[in-house]
There are 2 protein chains.
Amino acid sequence: MPRIVTIRTVAERAGCSIATVSRVINRSAPTSAAVDARVRAAVAELGFRPSEIGRALKTLRTRTLGVVIPSLTNPVFAASVAGMQSAARERQHTLLLTATDYEPGAEAELVETLVAQNVAGLILTVADAAENATLDLLDAEDIPYVLVHNEPPHPGRAAVCVDNAAATFALTETMIAAGHRRIAYLAGRFATSDRARRRHEGYRAAMEKAGLEPEVPLELDYLGDAPSHAEALAGLFRAGAPPTAALCSNDLLALSVVGALRTLGFRVPDDVSVAGFDGIALGGAVHPTLATVDTPTRLMGERAVALLFAMINEGAAPRVEHLPFTLRPGGTLAPTARADQPASQGDRITSSPP
Amino acid sequence: MPRIVTIRTVAERAGCSIATVSRVINRSAPTSAAVDARVRAAVAELGFRPSEIGRALKTLRTRTLGVVIPSLTNPVFAASVAGMQSAARERQHTLLLTATDYEPGAEAELVETLVAQNVAGLILTVADAAENATLDLLDAEDIPYVLVHNEPPHPGRAAVCVDNAAATFALTETMIAAGHRRIAYLAGRFATSDRARRRHEGYRAAMEKAGLEPEVPLELDYLGDAPSHAEALAGLFRAGAPPTAALCSNDLLALSVVGALRTLGFRVPDDVSVAGFDGIALGGAVHPTLATVDTPTRLMGERAVALLFAMINEGAAPRVEHLPFTLRPGGTLAPTARADQPASQGDRITSSPP
DNA sequence: CTGTTAGCGCGTTCAC
DNA sequence: GTGAACGCGCTAACAG
């Protein structure tokens, strides 16, 4: 029984017109109980499924959301996509998923592809939300979209994110309170992204507030070879006055850095403390557990879908939704031996509600 | 400039018919250089993008691949989807992504949704490829699909996978060669999946071949709370003759188990060795590194797309493609103190080429 | 080489 | 309450 079952087949079987079948299926107009039953029976017998294509062509709207992310390999993005998928499914929508693989220029191409598919809206994480021709295009064509993870400076751009600067500020203050004075800042790939910048800003602000010297970010490829990280870190940590702690711009990088430091013979956290950013699940499964900023990545995906639907269906204005983050204490972050004041390890500092 | 730009708009602007515009865009028939240039100019000026919907309605084929996986949260599936996405993009296709979240019954619903969108084909990882009404339906309707990670016993079902049984067999033999005699088998969620079964079979076969007693699988929810894992493991490892090693049915579980064992006061690998399955990237980033079966997850996604396209475009027959696996030595797996024979740690045993 | 035309599957006016 | 007819954007078959 191949798939040549169209609305016409059903109409013939039910002995009525295609218009009536359409009415029954979509409950778009009242129908008599008799014909209603016949149509439903025919639908069931034939295994008819209305073609989304025919429907889309007519209404010029699909039940599809386009997604653009840098990479699925990073659990942060995988988690937010999981949230999007679940939220979209609740609303009878599916996800058209694309990834740039950090390739510059891919954003524009992917968005065009998705727009050509008449997606109902877009959810994207871009390198830089501030100056982005692709987003300008979407604005111009009036196609609804929501950013995730990005913090657009340009108001009027919808986004769901955490306050990256505030988060690293809080995290850095915690490290300072634990007695650390020289805190290295290690940035992962894509260091030019707007969120990476915001994170470094928070770090710098906290350091300066404490009268300490902020470090220039050291750029590393996260989850590259641990040996190469070891090499890159050797110079920094075997110098005269080495850092006692490292703040990493994301969790994948942090886990990798922990490994590299150990390869170099340093104990974590005894010799060097390490903290990450994101709150990926695995950070809690390794030993010692990773100190990090816990961000609600899955929820971010869900909220992004909710916001997008509000914009599409209710004409809601684009807005930036800040989600709360949590400082998650972990075994990789300990007070220095020469701590000026003991740090309270158990504290969970939470951002103010959005 | 809203999006009311259709092929007709372009035709008017270029001063030709819509058929000619179509020909220029798709290079489906020769056109004169003059009209060609005019059309391209019009396309560029108007920012025209042919609607995939109109095209799909006509050809009854979309440039879209439907994907069904259990969850995006597991890096194994995230990696294979990343491979699919990249391979699909090379072929000008996009992915319609759905996830069951391990909810029984979701498979059927998601497949119906995807079929209603006229996907060109499907790529799926199902709980059980052996008895599966959804796959029977696809067979009946002659919709091309490829399984990933599943090992269908039913020949005629296309799949890309590793030989799970052979892999755990080899891994178990390595552990036995390292002197382990009591090797626990810890299974993650979804223990009823066909691949989980095959993995346990390989373990059991190796144990029996060595004249050892295979353990009944202990089922744990992977990446659940580490404390709860600790509880679940306490009974087993604090018994009279505790296992000296644990074989975990996947890497996420293995990393979690390492944490739980440490919580219980065991040293890994000094007191208990641990091995996983999958070869997720993070296994190499933690310390000690995770001993595991390295499976080419990303490649599996790429190959699945390639196979699907061969079936769609060249009418290739469905076939099962076995990809090679590698035993990856890791710090979590060490010889027992009472080893009968020293194990050669450096060996990398590779499966025979497919 | 190019234009005209007929649908693809569906929702939606209009009449009745 | 129901049916006939049109058109959404596009490709393909057929004329010219």
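Computed from a prediction, not measured in an experiment: that's the story for all the values here. The sequence lines fix the lettering, A, B, ..., with proteins before strands; numbering per chain opens at 1.
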Closest listed nucleotide, where the reference is the side chain of [X] and the choices are [options]:
| X | options | result |
| --- | --- | --- |
| B/Cys16 | C/dC1, C/dG3, C/dC10 | C/dG3 |
| B/Ile18 | D/dT11, C/dC10, C/dT12 | D/dT11 |
| A/Ala19 | C/dG9, D/dG1, D/dA4 | D/dA4 |
| B/Leu57 | C/dG3, C/dC10, C/dG9 | C/dG9 |

Salt bridge flag under 4.0 Å for residues [X] and [Y]:
| X | Y | value |
| --- | --- | --- |
| B/Arg298 | B/Glu302 | yes |
| A/Glu103 | B/Arg89 | yes |
| A/Glu151 | A/Arg197 | no |

Does the side chain of [X] get closer than 4.0 angstrom to OP1 or OP2 of [N] through an N or O atom?
| X | N | answer |
| --- | --- | --- |
| A/Thr20 | D/dT2 | no |
| A/Ser51 | C/dG9 | no |
| B/Thr6 | D/dG9 | no |
| A/Thr59 | C/dG11 | no |
| A/Ser22 | C/dC10 | no |

Can you tell me how far [atom2] of [N] sits from [atom1] of [X], to the nearest Å?
| X | N | atom1 | atom2 | result |
| --- | --- | --- | --- | --- |
| B/Gln117 | C/dC8 | CD | P | 21 Å |
| B/Ile53 | C/dG11 | CD1 | C1' | 14 Å |
| A/Leu46 | C/dG9 | CG | C1' | 15 Å |
| B/Glu12 | C/dG3 | CD | C1' | 15 Å |
| A/Arg8 | D/dG3 | CZ | P | 14 Å |
| A/Asn118 | D/dC10 | CG | C1' | 12 Å |
| A/Ile25 | C/dT12 | CD1 | P | 13 Å |
| B/Arg27 | C/dT2 | CZ | C1' | 18 Å |

Would you mind classifying the nucleic acid contact of A/Leu60 as base, sugar-phosphate or nothing, using non-hydrogen atoms under 4.0 angstrom? sugar-phosphate

Classify A/Ser32 by what it touches in the nucleic acid, base, sugar-phosphate, or nothing, heavy-atom distance under 4.0 Å.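 A/Ser32: backbone/sugar contact only, no base atoms under 4.0 Å.
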
Against A/Val146, only a single residue in A/Arg303, A/Met84, A/Met311, A/Arg157 fulfils side chain to side chain contact (heavy atoms under 4.5 Å, CB included); can you say which? A/Met311

Assuming nearest nucleotide by heavy-atom distance, tell me which of B/Thr31 and B/Lys58 is located more 5' along DNA chain C.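 The residue closer to the strand's 5' end, by nearest nucleotide, is B/Thr31.
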
Answer with yes or no whether A/Arg23 presents, from its side chain, a donor or acceptor under 3.5 Å of a partner atom in the base of D/dG3.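 In this structure, the two groups form a donor-acceptor pair.
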
Just checking, is any N or O donor in the side chain of B/Ser71 or B/Asp101 under 3.5 Å from an acceptor N or O on the other one? no

Between A/Arg40, A/Arg38, A/Arg13, which is the residue that forms a salt bridge (charged side-chain N to carboxylate O under 4.0 Å, His left out) with A/Glu45?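 Considering A/Arg40, A/Arg38, A/Arg13, a salt bridge (charged side-chain N to carboxylate O under 4.0 Å, His left out) with A/Glu45 is found only for A/Arg13.
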
